[in-house]
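First comes the structure, then the notes that go with it.
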Amino acid sequence: MAVHVALTGATGFLGLRLLRRLLDAHRSVTVLAHAGSGDALHRIVRFFELTGSAPEFVAGLAERVRVVEIDLALPRLGLPEREYQELADGVGALWHSAGSINLEGDLPELRRVNVEGTRHVLELAAAGRLRPRVHHVSTAFVAGARREGVAYEDELDGGPGFENAYERSKYEAELLVHAWSREHGRPVLVLRPGVLVTDLPPHPDLPPHPLQVIERILRDACGSCGPGARDRPRVRMVGHPHGRLNLLQVEHAADVMVRLAGRPASGGVDTFHVVHDRDVPVATVVDVLERLVPLRVELVSGRPAAPSPLEAMLDFYPGMTAYLAHRRRFDDTRVRAQLGPGAASAPVDADYLWAGLAPRSWTVSGPPGPAATAPPPVRRS
């Protein structure tokens, strides 16, 4: 019997890749798109056009993708009662990928989207006659502010605190998922990705990935220094010289998630770290950003006592810069046990990161070819 799938967040950075994989496995998908956010189907079609999908696949999207506009923050997702029940009764598998990833957001707003939004998605799953399995996309960063050691897949402990309100909101959403699973006796798949990146170059019709956001913040901060600023000012940022970040190709993450969803459920909450098996040194990320933005980054152990105007500007983004000091590792034993060698990722190195950040010319028929060799790292004095 065919299972009908519903997906939130389908026009997001990860959601578009999840949609592609789900369309490989299912005849149709219902996209639960945020009401008033624009033409979701157009953005979906545009993504597949830009990423080189076959013309016949793109032409068939209008028949295979059904869009239902919702508001995650409202009871019944903002739908009339009859429409809501019809939606619930037609769903055989429910993927929840939507949410706010604003690392500088305030907690009430993030709770409204990430926590209450999850609550309302779980209520939709409970209301359906088909008892759909829920697939909840969380984040490996529910591990919180613990910067050393190993974070395990069976851990969900808010004791160490959190680097920002985003992490706390995703942690609270996972607590809801566990409570719902116990209350209803239903299985849930929780997927915790690391930082997702791509080697597709920037394009105005594609959602940006996290390093693009950081680049823009740094570029805007440099611009705020005014025309009299030095060509390449130095900025001191708190970080560890041996820090590392878990960066994973978004396409690989989507593939792993859908493959895990095809495995038998335990009956409770099954949690998996969808992460890279090799972390990227913070120094590598800094070098790539320095090639893009006219500044020199110096990692220091504590906040400068007398910050420069540029450093003071970057102090407005503590939720982002905190990760430069991380050295912890995310254990993914369960994923490797389920998928074996297929869980391994290709390397993420400076050339890969450069390809996804450096502007290049796109063609009508698809993405540009390989990026030109990245300029050499900035020489440090």
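This is a predicted model, so every value here is computed, not measured. Side chains included, hydrogens not; waters and symmetry mates left out as well; all remaining heavy atoms used.
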For this session: Begin from the C-alpha positions of Val335 and Glu153 and carry the test side chain to side chain contact (heavy atoms under 4.5 Å, CB included) through to its verdict.
Result: CA-CA 9 Å; Val335 175; Glu153 292 163 302; 3.6 Å; yes
In plain terms, say whether [X] and [Y] are close enough for a salt bridge, that is, a side-chain N and a carboxylate O under 4.0 Å apart.
| X | Y | answer |
| --- | --- | --- |
| Arg147 | Glu163 | yes |
| Arg82 | Glu86 | yes |
| Asp24 | Arg20 | yes |

Exercise. Where does the angle between the aromatic ring planes of Phe141 and Tyr323 fall among parallel (under 30°), tilted (30 to 60°) and perpendicular (over 60°)?
Worked result: perpendicular
For this session: Kindly indicate, with the supporting measurements, whether the criterion side chain to side chain contact (heavy atoms under 4.5 Å, CB included) is fulfilled by Glu109 and Val113.
Result: CA-CA 7 Å; Glu109 176 60 21; Val113 178; 3.9 Å; yes
For this session: Evaluate the side chain to side chain contact (heavy atoms under 4.5 Å, CB included) criterion for residues Arg43 and Leu16: first the C-alpha distance (whole Å), next the side-chain angles of each, then the deciding distance (0.1 Å), finally the verdict.
Result: CA-CA 9 Å; Arg43 283 182 286 161; Leu16 285 163; over 6 Å; no
Exercise. Does any donor atom in the side chain of Thr139 or Glu167 lie under 3.5 Å from an acceptor atom in the other side chain?
Worked result: no
For this session: Answer with yes or no whether the side chains of Asn102 and Ser100 bring together a donor and an acceptor at under 3.5 Å.
Result: no
For this session: Return yes when atom CZ of Arg327 has more than 12 non-hydrogen atoms of other residues, nucleotides or ligands closer than 6.0 Å, and no otherwise.
Result: yes
Exercise. If you draw a 6.0 Å radius around CD in Glu63, do more than 12 non-hydrogen atoms from other residues or ligands fall strictly inside?
Worked result: no
Test item: [X] side-chain N/O and [Y] main-chain N/O as donor-acceptor pair under 3.5 Å:
| X | Y | answer |
| --- | --- | --- |
| His120 | Leu72 | yes |
| Thr8 | Ser97 | yes |
| His135 | Leu94 | yes |
| Arg146 | Val150 | yes |
| Asp89 | Arg129 | yes |

For this session: Heavy atoms only: give me the nearest Leu295-Glu290 pair and the separation to one decimal.
Result: O-CG, 3.5 Å
For this session: State, to 0.1 Å, how close Pro307 and Glu311 come at their nearest heavy-atom pair, and which atoms those are.
Result: CA-OE1, 3.2 Å
Problem set entry | Aromatic Phe13 / basic Arg17 pairing, under 6.0 angstrom, 45° off normal | yes
Exercise. With the 4.5 Å side-chain cut-off for hydrophobic clustering, are Val195 and Trp354 part of the same group?
Worked result: yes
For this session: Following the transitive rule for hydrophobic clusters with a side-chain heavy-atom cut-off under 4.5 Å over Ile, Leu, Val, Met, Phe, Trp and Tyr, establish whether Val142 and Leu248 coincide in one cluster.
Result: no
